[in-house]
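Single-structure report; data block below.
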There are 2 protein chains.
Amino acid sequence: MNAPVRKPKSAAGTRSDSVYAGLRRAIIEQALMPGDKLTEDVIGDRFGVSRTIVRTALARLHAEGLVDMQPNKGATIAQPSLSEAQDVFETRMCLERQVLVRLAEKVTNADIERLQQHVDLETKANAHDGPAAIRLAGEFHILLASLSGNGVLARYVDEVVSRCSLILALYSRPHSSDCSINEHQQIIDALRVRNSQAAIDAMDHHLKAVTDRALLSSNSDKHRDIRSILDRYAS
Amino acid sequence: MNAPVRKPKSAAGTRSDSVYAGLRRAIIEQALMPGDKLTEDVIGDRFGVSRTIVRTALARLHAEGLVDMQPNKGATIAQPSLSEAQDVFETRMCLERQVLVRLAEKVTNADIERLQQHVDLETKANAHDGPAAIRLAGEFHILLASLSGNGVLARYVDEVVSRCSLILALYSRPHSSDCSINEHQQIIDALRVRNSQAAIDAMDHHLKAVTDRALLSSNSDKHRDIRSILDRYAS
DNA sequence: GGGTGATAATTTGTATACATTTATGCATAC
DNA sequence: GTATGCATAAATGTATACAAATTATCACCC
């Protein structure tokens, strides 16, 4: 019976930030699945904080579309409808195109080196660590966006990419990373020669492929125990 | 000495929603100006709620970029830097273009009628109600986005439009609505004939004009009394 | 007059208490 | 066996209490 102990608390920041980050990672790595109940007391116990803190974190995740909240009934991991999913993908494509427009005109060799290193990391993780591979695939897009130098754009990309994890968890086959590393490589290659149109085309192709890979078998295993899952994320 | 009384509470929803909405409106109508301190107790008194509720509302406004928060030092109305301002405008243009792409292919006559009514409203307000005119000008863009049918896109447009209010409060002359109603009319006219390119061109022109109108005189009157301002927004 | 430091008053961060709402369990009835 | 109600437990919404941090006040000194 997992003991409700507080972990030694590694990274600081305000406490709610670390709860937020932990939950977010659990969602993105698909450890917490759409529909899972997020009881405030349970989360508070696992992270060693009060409900006040948990509530702040949940509200933030709700604002980002990662958790659903019903008045007096609490929070659950969001279950985006197909229509919402389409909206997310459309918006994501719009945003990521703009990222590439910006990047093509301002990307440095150092930036490209960083991107390349990330893809190499993805390749390694893809072999043996499923959850990390999922997360890294998303983080490639987030890295791209942050290199664009536009913080607002980067934040929105971050959000839609996270929500895509959720969507893929719902509509795609489980634990496939859904981002072909080869497609990421093509984007880097286009950026390396500052060919913005080629980069955008590669991104369009990539995102369309991800979208298509969705809409497959939905996996639903019930009776999931949030306690044991959260132990791994209450860092 | 303004009495700290709770108002009769009109619109429901959760309590923090109404605090959020009230503060947001005060910011958008430029009643609260960039840099103004947002003391939790003061806001709580004005809205008749506890700090818990205020805190939730402030956190949400912070996530949307409308208020700055420093650890242990509380919240102030955000003061976007010029660089942030450029990021917001760039992102806004990207998003609103997509809105028009969608609208040009799916807009109904009823939608156009609603848009026209809104612009008529703007015209009326422009004559005598300064703050309302500012708000209505922004709401035209929000209405456009919501008619696009893409909720995600609409939420992001909502956010960047709000932040533009803040930016114009900082960098433009005070209390000018900054949205020429004529330019809104041109966008409607283009949509009426389903000419997406003309609509996008009109929007580009409009947003460029708004951007240009910024970067003018910065107004800074200090010693503002939040209490008296909030009385009008604690509905 | 203007700087300096100790002290008091605010203000924030977090936990806890309590009321209200929702979910659960169990006995009874059909 | 399934359904209905009530009693109980659990979870949420909000306010409040208290510690820690910040800011303001003011006497003191140069």
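Below, all heavy atoms of this structure are taken into account, side chains as well, without hydrogens, waters or symmetry copies. By convention in this document, chain letters (A, B, ...) are assigned in the order of the sequence lines, proteins followed by strands, and residues within each chain are numbered from 1. Because the structure is a prediction, the values reported are computed rather than measured.
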Open item on the list: For B/Glu64, give me all partners under side-chain contact (heavy atoms from CB on, under 4.5 Å), at least two apart in sequence or on another chain.
Closed with: B/Tyr20, B/Arg24, B/Arg60, B/Leu66, B/Glu159

Open item on the list: Could you check whether any side-chain N or O of B/Ser148 sits under 3.5 Å from a backbone N or O of B/Asn150, counting only pairs where one atom can act as donor and the other as acceptor?
Closed with: yes

Task: Spacing between A/Glu40 atom CD and D/dT14 atom P, to the nearest angstrom - done: 11 Å

Open item on the list: Quick check on DNA chain D: between A/Gly74 and B/Ser50, whose nearest nucleotide comes earlier from the 5' end?
Closed with: A/Gly74

- [ ] Find the distance B/Asp45:CG to C/dT11:P and express it as a whole number of Å.
- [x] 10 Å

Open item on the list: Can you measure B/Leu38 atom CG to C/dT11 atom C1' for me and round it to whole angstrom units?
Closed with: 13 Å

TODO: Using whole Å, report how far CZ of B/Arg15 lies from P of C/dT20.
DONE: 12 Å

- [ ] Give the C-alpha distance, both sets of side-chain angles, the deciding distance and a yes or no for side chain to side chain donor-acceptor pair (under 3.5 Å) between B/Glu139 and B/His118.
- [x] CA-CA 9 Å; B/Glu139 284 175 355; B/His118 188 94; 5.0 Å; no

Task: Integer-rounded Å distance: D/dT12 C1' and A/Met69 CE - done: 9 Å

Task: Phosphate OP1/OP2 of D/dT23: any B/Lys73 side-chain N/O under 4.0 Å - done: yes

Open item on the list: Between D/dA15 and B/Thr52, counting only base atoms on the nucleotide and side-chain atoms on the residue, is there a donor-acceptor pair under 3.5 Å?
Closed with: yes

- [ ] Check the pair B/Leu38, B/Leu32 against side-chain contact (heavy atoms from CB on, under 4.5 Å), reporting the backbone distance first and the verdict last.
- [x] CA-CA 9 Å; B/Leu38 296 170; B/Leu32 291 171; 4.2 Å; yes

- [ ] Please state how far atom CG in A/Leu58 lies from atom C1' in D/dA11, giving the value in whole angstrom units.
- [x] 13 Å

Open item on the list: At less than 4.0 Å, is any side-chain N or O atom of B/Arg51 found next to OP1 or OP2 of D/dT14? Yes or no.
Closed with: no

- [ ] Taking only the side-chain heavy atoms of B/Ile53 (C-beta and beyond), determine which of C/dA15, C/dT12, D/dT14 contains the nearest atom.
- [x] D/dT14

TODO: Assign each of A/Asn72 and B/Asp41 to its nearest nucleotide of DNA chain C by heavy atoms, then name whichever residue's nucleotide is nearer the 5' end.
DONE: B/Asp41

Task: Whole-Å distance separating the CD1 atom of A/Ile43 from the P atom of D/dA11 - done: 12 Å

